[in-house]
Amino acid sequence: MNEFQNLCPGCMRPLPFGAETCPHCSKSIHDFQHAPLLPLWSTLSNRYLVGCGNLASTDCAVYAGYDTALRLPVTINEFLPKNLVVRGEGESAVKIRLGYDAMYRTCLQSFASLWKTLMSLNGTPALPNVKEIFFENGAAYAVCESFESITLEEYFEAPGEKLDWQRIKAVFKPVLLALRKLNSLSVVHAAVSPQTLLLGADGKLHLSGFSIPQTKSDIIELHSLSVSGYAPLELSDRRLRIGKYTDVYSAMAVMYKLLCGITPQNAADRAVSDMMIIPQEYAKELDEKTVNVILGALNIYPENRIQSVDVLCDLLYPAQSKVEQKAALPDTAAASPQKTDAPEEKKIAEPEKTEKPPEKGSESDGMLTFKVAVTVLLVAAMVFVTAYSTFLYKYFDVPFIDSALSGVSFLPMNGETHKTDAGSTTTEEPTEQTSKGPVEYVKVADFTQLTYRDILNSETFKSNYEIEFSFEASEEVEKNSIISQSVKAGESVPKGTKITVVVSSGKPYVVLRDVMGMEYEDAAELLTKDGFNVQKVVKKNNGTRVPGTVCTMSLVAGLEFEKGTTVTLTVWGDIQTEATTD
């Protein structure tokens, strides 16, 4: 800990020498963190330091964290449903409340399943990049890359210009595309609002506030981050079902706020007396089709609403539309690292203008032909030079490749940039060619004999290769062990070569089918084929139920579980039989 004692617990940035209050986030080094949050400076997975946290929703706590291996700030999400678990002051482990053990275990797996889905979408704009998922302290954790941001709600509070519809569509498009991907994987966010949309220092919108499916149902008393005005009717009226159309309403409600500067009327109030309109000053700038799309997305009742984000995207972004794809919000989230009393004025960047294509028969045609010819000649020259230099190097030991690599920068995993030391630096005056040594080669290790943690913590590997990890489910290879590597063990490669290592994320997960009401034999056969172990419990039948049919399931249908998980099916017995267990 001494090595990292100069970090601010609020933002995990280094503090100026002798400072007790952070100039960036105003947190004090003397702050104390109370239960049920983890104590400050706890260590997770022997790697991550825990900073200041907050209970983002009733199922999750979010902490500022620090990756001691890569020496970078991270964001740590901890599964912490307050009504299912307790944590003592100064303790790390959670204790499950009496009578909630089975439900907690189910929800814990649901949390891991949700973040595994998000990890599979790493690199998708507007979604978090998940670094690692693990279990510890009786809880589950998802570690994500950290970035500077403010909420869209904070952005609304600052004075600024109003946005026209084209610019709103442009800046919101990555969010809608991210929601479309999530919906295609049966994940409904159901909490899109100015509180869960973050404006990053990259000037783009990012989605946060993810929660497990149980927060959106009556299974247990958990509630998601839905916000009045942005939450559709089905989030308050449990008689209605939540679906893909839920994200349609919330997303359009935020776009409505961006357009009009008005928080939409609460959906439950609209069901009684719908007073929400598009003000005339904004409506006159929109065509009839756009108005219909906005109203269709904001319809109070799910059955009358645009049914999916996929359909909404097709309506908002026709195939011929190109301009919106390039626009982004400006770099306002972290334009100044130090907070001021007056809110910053934030502006929206104009969409990039596309160049007008040259008219047919203009001089541009000749220029294009000339450029194509030059490109072809350059490619031919490069092929010749590469072949010739390889020939010289192989047969006459001419260090042409070494000359080409002098000054090339490599970026190892620790983030520091090093240059190959192939010779002396260039001088102002041209000099005669100096002697340069051959490229340094290293042998590739057999990663399949190691674990993910072994490789991650090895300084030797970091200095010799650029290692990229990918994760795959495996029934044969133990979790965090290595399945394969892109370069064979024992091969000699240039130092700094990129090697992809495939890590086992454990047994694959499968969705539990809903077999309620089915004959037990048919239900057991289906679930066994899916990879579940099935147990049978017979319940006494009072004569009003169909014998042999499934009446309850021990696990929640529709959620993902690890292959080999046991599910107990309770079956109606013959009339007046006693309850038994197979």
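The main-chain N or O of Q109 is never found under 3.5 Å from a side-chain atom of Y509 such that the two would form a donor-acceptor pair. When atom types are taken as modelled, the side chain of Q33 and the backbone of G51 share a donor-acceptor pair closer than 3.5 angstrom. In this structure, the side chain of T124 does not engage the main chain of L127 through any donor-acceptor pair within 3.5 Å. At distances below 3.5 Å, not a single donor-acceptor pair connects side-chain atoms of E157 with backbone N or O atoms of E154. Side chain of N129 to main chain of G123: a donor-acceptor pair is present (N/O by atom type, distance under 3.5 Å, no hydrogens or angles). Under a 3.5 Å cut-off, the side chain of T290 and the backbone N or O of L286 do not form any donor-acceptor pair. Not a single donor-acceptor pair under 3.5 Å links the side chain of R180 to the backbone N or O of V309. Listed for the S184 side chain is a donor-acceptor partner under 3.5 Å among the backbone atoms of K181. Remark: the backbone N or O of P39 is paired with a side-chain donor or acceptor of S42 at under 3.5 angstrom. With hydrogens and angles disregarded, a donor-acceptor distance shorter than 3.5 Å links the side chain of S486 to the backbone of T500.
Nearest approach of Y465 to V444, heavy atoms of both residues: OH-CA, 3.5 Å. Residues Y282 and C260 share a closest heavy-atom pair of OH-O, 3.5 Å. Counting all heavy atoms, side chain and backbone alike, C313 lies closest to L176 at SG-CB, 3.8 Å. When all heavy atoms are compared, the tightest approach of G10 to A64 is O-CB, 3.4 Å. Across all non-hydrogen atoms, the minimal contact from V503 to N480 is CG1-CA, 3.7 Å. Of all non-hydrogen atoms in Q195 and S208, the two that sit nearest each other are O-OG, 4.5 Å.
In summary, the side chains of S211 and D59 do not present any donor paired with an acceptor at a separation below 3.5 Å, with no hydrogens or angles considered. In summary, the side chains of S505 and E472 do not present any donor paired with an acceptor at a separation below 3.5 Å, with no hydrogens or angles considered. Under the 3.5 Å distance criterion, with hydrogens and angles disregarded, no donor-acceptor pair is assigned to the side chains of S250 and D247.
To the nearest 0.5 Å, the span separating CG on L316 from CE on M252 amounts to 5.0 Å. How far CG of L198 is from NE2 of H206: 7.5 Å, rounded to the nearest 0.5 Å. In this structure, OH on Y48 lies 4.0 Å from CD on E132, to the nearest 0.5 angstrom. Taking CG from L121 and CG from L185, the interatomic distance works out to 5.5 Å, rounded to the nearest 0.5 Å. Atom CE in M103 sits 15.0 Å away from atom CZ in R97 (nearest 0.5 Å). In this structure, the separation between CD1 on I242 and OG1 on T215 is 7.5 Å, given to the nearest 0.5 Å.
Within the 6.0 Å centre-distance limit, the rings of F79 and Y104 are counted as a close aromatic pair. Aromatic rings of Y230 and Y249 (six-membered ring for Trp) have centroids beyond the 6.0 Å cut-off, not under it.
More than 12 heavy atoms of other shown residues, nucleotides or ligands fall within 6.0 angstrom of atom NZ in K116.
Checked for salt-bridge contact, K479 and E562 miss the test: no charged N lies under 4.0 Å from a carboxylate O. Salt bridge R13/E148: present, at least one basic N to carboxylate O contact under 4.0 Å.
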Exercise. Do E478 and S504 pass the side-chain hydrogen bond (donor to acceptor under 3.5 Å, both in side chains) test, and can you show the C-alpha distance, the side-chain angles, and the key distance before you say yes or no?
Worked result: CA-CA 6 Å; E478 187 180 349; S504 171; over 6 Å; no
For this session: Check the pair Y141, E136 against side-chain hydrogen bond (donor to acceptor under 3.5 Å, both in side chains), reporting the backbone distance first and the verdict last.
Result: CA-CA 8 Å; Y141 298 88; E136 194 172 320; over 6 Å; no
For this session: Show your reasoning for whether side-chain contact (heavy atoms from CB on, under 4.5 Å) applies to Q214 and T106.
Result: CA-CA 10 Å; Q214 287 87 338; T106 299; 4.0 Å; yes
Problem set entry | Chi angles and distances behind the salt bridge (charged side-chain N to carboxylate O under 4.0 Å, His left out) call for E468, K498 | CA-CA 7 Å; E468 179 182 73; K498 183 176 181 179; 3.2 Å; yes
Problem set entry | Audit row: E78, R87, salt bridge (charged side-chain N to carboxylate O under 4.0 Å, His left out) steps and yes/no | CA-CA 13 Å; E78 178 188 38; R87 175 184 277 142; 2.4 Å; yes
Exercise. For L44 and V50, what are the C-alpha separation, side-chain angles and deciding distance, and is it a side-chain contact (heavy atoms from CB on, under 4.5 Å)?
Worked result: CA-CA 7 Å; L44 296 172; V50 175; 3.7 Å; yes
Exercise. What do the steps show when you test L49 against T43 for side-chain contact (heavy atoms from CB on, under 4.5 Å), and what is the final call?
Worked result: CA-CA 5 Å; L49 293 178; T43 302; 3.8 Å; yes
For this session: For the pair I294 and W165, evaluate side-chain contact (heavy atoms from CB on, under 4.5 Å) and give the outcome as yes or no after the intermediate values.
Result: CA-CA 11 Å; I294 295 174; W165 183 244; 3.9 Å; yes
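The side-chain contact (heavy atoms from CB on, under 4.5 Å) test with V94 singles out one residue from L84, N137, L80, and that residue is L80.
Using a 4.5 Å heavy-atom cutoff, the side chains of M119 and I133 are in contact. Looking only at side-chain heavy atoms (C-beta outward), Y155 and P194 stay at 4.5 Å or farther from each other. N77 has its side chain out of reach of Y63: every pair of non-hydrogen atoms, C-beta onward, lies at least 4.5 Å apart. Counting heavy atoms from C-beta on, the side chains of C11 and P73 never come closer than 4.5 Å. With a 4.5 Å cut-off on side-chain heavy atoms, L7 and W41 count as touching. The side-chain heavy atoms of C25 and C8, taken from C-beta on, include a pair separated by under 4.5 Å. Between K495 and N464 the shortest side-chain heavy-atom distance falls below 4.5 Å. Counting heavy atoms from C-beta outward, I467 and F447 have side chains that approach closer than 4.5 Å.
Applying the salt bridge (Lys or Arg N to Asp or Glu O under 4.0 Å) rule to pairs touching residues 22-48 yields R47-D67, sequence neighbours excluded.
Between F111 and W115, the ring planes are tilted. Angles from 30° to 60° get that label.
Figure legend: cation-pi geometry between K173 and Y317, with NZ or CZ positioned under 6.0 Å from the six-membered ring centre and within 45° of its axis.
Remark: Y452 pairs with F469, F471 by the ring pair (Phe, Tyr, Trp, His ring centres under 6.0 Å) rule, at least two apart or across chains.
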